[in-house]
Amino acid sequence: MIRDFLREFTHVLVQELIASDRLPAAVAEIPIEITDTKSIEHGDFATNFAMISAKAAGMNPRAVATLVVDAFQAGPANSLVHQIEIAGPGFLNFRLDPAQVARYVGDILEAGDAKFGNSHLAHPDRINVEFVSVNPNGPITIGSGRGAAFGSVLCNVLEAAGNVVHREYYINDGVNSEQMRLFGLSVQAKLRGEPVPEGGYKGDYVDDIAQELKLTISPDEDLAVVKKLCEKLMTDRQREALEIFGITFDTWFSEQSLHDAGIVDMRLDELALKGVADENPVRTKVKFGKGGVVEEVIQEAQVSDEDDVATGERATLWLRSTNFGDDQDRVLRRKDGRLTYIASDVAYHADKFNRPPNATKLITVLGPDHHGYIGRLHAVLAALLQQPGQPDADALRMAREQLQVVIFQLVRFMKDGKPAPMRKRDGNIYALIDLIDEIGKQAAPDADQTEQRRIGRDVARFFYLMRSHETAMDFDLDLATRQSDDNPVFYAQYAHARICSVIARASEITGEPNLALLVHPRETALIKKICDLPYEIQRSAKDHGVNRLTTYAVDLAGAFHYFYDACRVVQPEEPELSAARLALCHAARVGLRAAFRILGVSAPERMSREPSVVGL
RNA sequence: GCCCCCGUAGCUCAGUGGAUAGAGCAACCGCCUUCUAAGCGGUUUGUCGCAGGUUCGAUUCCUGUCGGGGGCGCCA
């Protein structure tokens, strides 16, 4: 908003200087960045343009800055930009007229809760974002919670930045999966009252599933049937937990459906036809040195023993992924004919471009244990995308452009100042839904379950989102549960509740607000902060740094509290000022609600803490 | 061995190549006759791990190094 205006404003000044030969044409290439200032002594906004363009201009930064200021002073007076000053090594500091800044309040109110912060793109991406996607063999854990929170907010941010986004969950229900077979066996054992097999699944949820299945099927039912049914039950529970966590997907995509439709076989045939997959009994492995330099290429002959031939087994089908940057060729089909997980991935990645229709980009959010998987996925997509005669490197580059794998780092849970195990004392997996319930019960012991879960969800989401996804984080369970009052999400939500309260109290304030009266420094600071939301969203969409939005929400709340403290809104003896401040309250509420909407946390209209009885 | 991430105040962490590096917690001192004190103001706190390099300018980018966390299956 204001930044966009100042960028354009400066751009025009520079263009004039170029047109009149006072600056060389080369400086037109220098981007103009508007930054905020650390101190109001440096004005409202600043640009380093003079410094970064000094070389292209062939003069020192202050000389460039002087030209810009001259052009500004020679031009027609601008109502918003009061003054441009040269400071320090060559900063251009903008001083704005607060009464003009206040006019932006009107723009904010016009956009409203649902639209404020959103941008339009001339050429939006159509993006499929896959996230969470855990195996249907257990509940969503607190570990997956981070990917869930991050992925959902990334989707919201990309959408708000003007892209078309499709939210997708991939169900790993492939019939060949060892893990899922073991899960089915474990449930089957429970059904029959037998001990779970070696390495099988334990925990209360396995019993729950077995109990539920007992109602509909006999203990003698085939493993395949049991497996399919418990996958469905588990997936339903995951879906339910994620909904409580504030996440709904556009598509829950079944891996097995690709096999059932014969699409996997079809894609493998295509790859074989293209020559990027074959049955030659050799595997290439590449040893990379520092910086991805190829140090050694090893060809391993794959010996087939006579038993294989005798049992009529086929040769192994290899994806020659080393041609596309992978460190070893990957098996697509084992010699016994069973397809690997990566074979499904081939079909799946081709299919994903249908959601949204004609998708231009795929984003896959994965946990830290999957970072070794990135190269494989790019190789899969490169093999799919490669056109006849196209060099491997070009296909790989295309794959890397179209598929972004975003890895979030480990989250460690801390209790009593020590790392807490991911399993609880009773041996059960720590599920996301347990975390939500625990936080909610601690924060609001007397509230009903719906309200407790709303609070638990808000706190958990905010905690997950406060840190950059690319940094390992500690999730302090004590802070999130016991001392939940210290949680910044309450600070931010309280600002919203406070605004609602002020608005309710101001019903007698009517009349047209004169926004030009909003010139108190704390009013100007609040308006500037609200106006920053679209900018923060655009930045976050660009580098996936969605944790900024939590910082933004807290900063905006702080700006409101600071304003509230000094500027009384409801003053019947000053109706014009009151109306203007009321409008500002509405605008701040729009900003907070928009930020909360992106973050997936609620905007409570009332917050009141019962007096504590502790210590009596 | 290779790959990913981290190292900033006592603790947990923000920080867009820029000016005097910030916030919360913790400690201390103030502010409710007044729109919610889950708030506001103030005091105190630094070898931005270390060494080079690029740059007019580096906490930020690059290289190396030390320390910590995680990952490298014909499992998914």
Side-chain angles (χ1 to χ4, degrees), chain A residues 33 35-39 41-42 46 48 51-52 54-55 60-61 87-91 93 133-135 137 172 174 176-180 182 255 283 287-292 295 302 316 318 327-328 330-336 338-342 344-345 367-375 407-410 412 414 417 466-468 470-474 476 479 483-488 490-495 497-506 535 539 543 545 547-548 550-551 554-555 557-558 560-562 564-566 568-571 578 581-582 585 606-609:
Chain A
E33 281 173 38
T35 59
D36 39 42
T37 54
K38 276 179 195 153
S39 153
E41 289 165 35
H42 297 140
N48 60 0
M51 290 181 283
I52 58 175
K55 195 172 255 178
N60 74 55
F91 286 102
N93 293 337
S133 297
V134 300
N135 291 339
N137 59 4
N172 296 283
N176 286 326
S177 159
E178 282 302 317
Q179 279 132 328
M180 292 315 300
L182 202 52
E255 176 192 354
R283 169 185 230 178
K287 269 195 176 169
F288 293 106
K290 284 247 183 272
E295 272 185 353
Q302 303 290 306
T316 302
W318 295 92
D327 62 348
Q328 54 181 298
R330 305 287 168 178
V331 174
L332 292 169
R333 192 178 55 227
R334 304 172 177 100
K335 58 188 176 184
D336 64 8
R338 282 155 58 228
L339 296 168
T340 61
Y341 183 75
I342 200 173
S344 323
D345 262 348
D369 51 333
H370 282 70
H371 104 263
Y373 207 70
I374 301 173
I407 302 289
F408 64 90
Q409 292 297 319
L410 196 82
R412 198 169 52 147
M414 304 295 285
M466 279 193 298
R467 313 286 176 243
S468 162
E470 50 191 26
T471 300
M473 69 172 279
D474 287 340
D476 190 332
L479 194 66
Q483 301 174 280
S484 53
D485 290 353
D486 296 330
N487 193 301
F490 291 134
Y491 175 83
Q493 288 180 322
Y494 176 62
R498 228 181 187 184
I499 293 170
C500 292
S501 174
V502 172
I503 289 171
R505 288 275 181 154
Y535 167 72
R539 285 171 68 207
D543 67 5
N547 59 304
R548 262 187 215 107
T550 59
T551 308
V554 170
D555 284 354
F560 175 78
H561 289 311
Y562 193 50
Y564 175 93
D565 201 54
R568 192 177 169 80
V569 177
V570 183
Q571 298 183 83
S578 262
R581 286 183 172 167
L582 189 60
C585 286
R606 241 189 313 277
M607 287 175 81
S608 59
R609 188 174 44 178

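Within every chain, numbering begins at 1; the chains are lettered A, B, ... in the order of the sequence lines, protein sequences first and strands thereafter.
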Only pairs with both distances under 3.5 Å count, Watson-Crick or wobble alike; so what is the partner of [N] in this structure?
{"N": "rU16(B)", "result": "none"}
{"N": "rU43(B)", "result": "rA27(B)"}
{"N": "rG7(B)", "result": "rC66(B)"}

Aro-ring/base stack His370(A)-rG71(B), d under 5.5 Å, angle under 30°: no
Sugar-phosphate only, base, or nothing, as touched by [X] at under 4.0 Å among non-hydrogen atoms:
{"X": "Gln179(A)", "result": "base"}
{"X": "Glu295(A)", "result": "nothing"}
{"X": "Arg333(A)", "result": "nothing"}
{"X": "Glu255(A)", "result": "sugar-phosphate"}

Side-chain N or O of Arg581(A) closer than 4.0 Å to phosphate OP1/OP2 of rC35(B): no
Salt bridge Asp336(A)-Arg338(A), side-chain N to carboxylate O under 4.0 Å: yes
Chi-angle category of rC32(B) [syn within 90° of 0, anti beyond]: syn
Backbone N/O of Gly174(A) and side chain of Ser177(A): donor-acceptor pair under 3.5 Å: no
Nearest-Å distance once atom C1' is located in both rA38(B) and rG52(B): 49 Å
Atom C1', compared across rA19(B) and rU33(B): separation rounded to whole Å: 45 Å
Nucleotide of rC40(B), rG18(B), rU16(B) approaching Met51(A) most closely (side-chain heavy atoms): rG18(B)
Side chain of Tyr341(A) - closest among rA19(B), rC35(B), rA76(B): rA76(B)
Nearest-Å distance for atom pair CD/C1', residues Gln409(A) and rG7(B): 14 Å
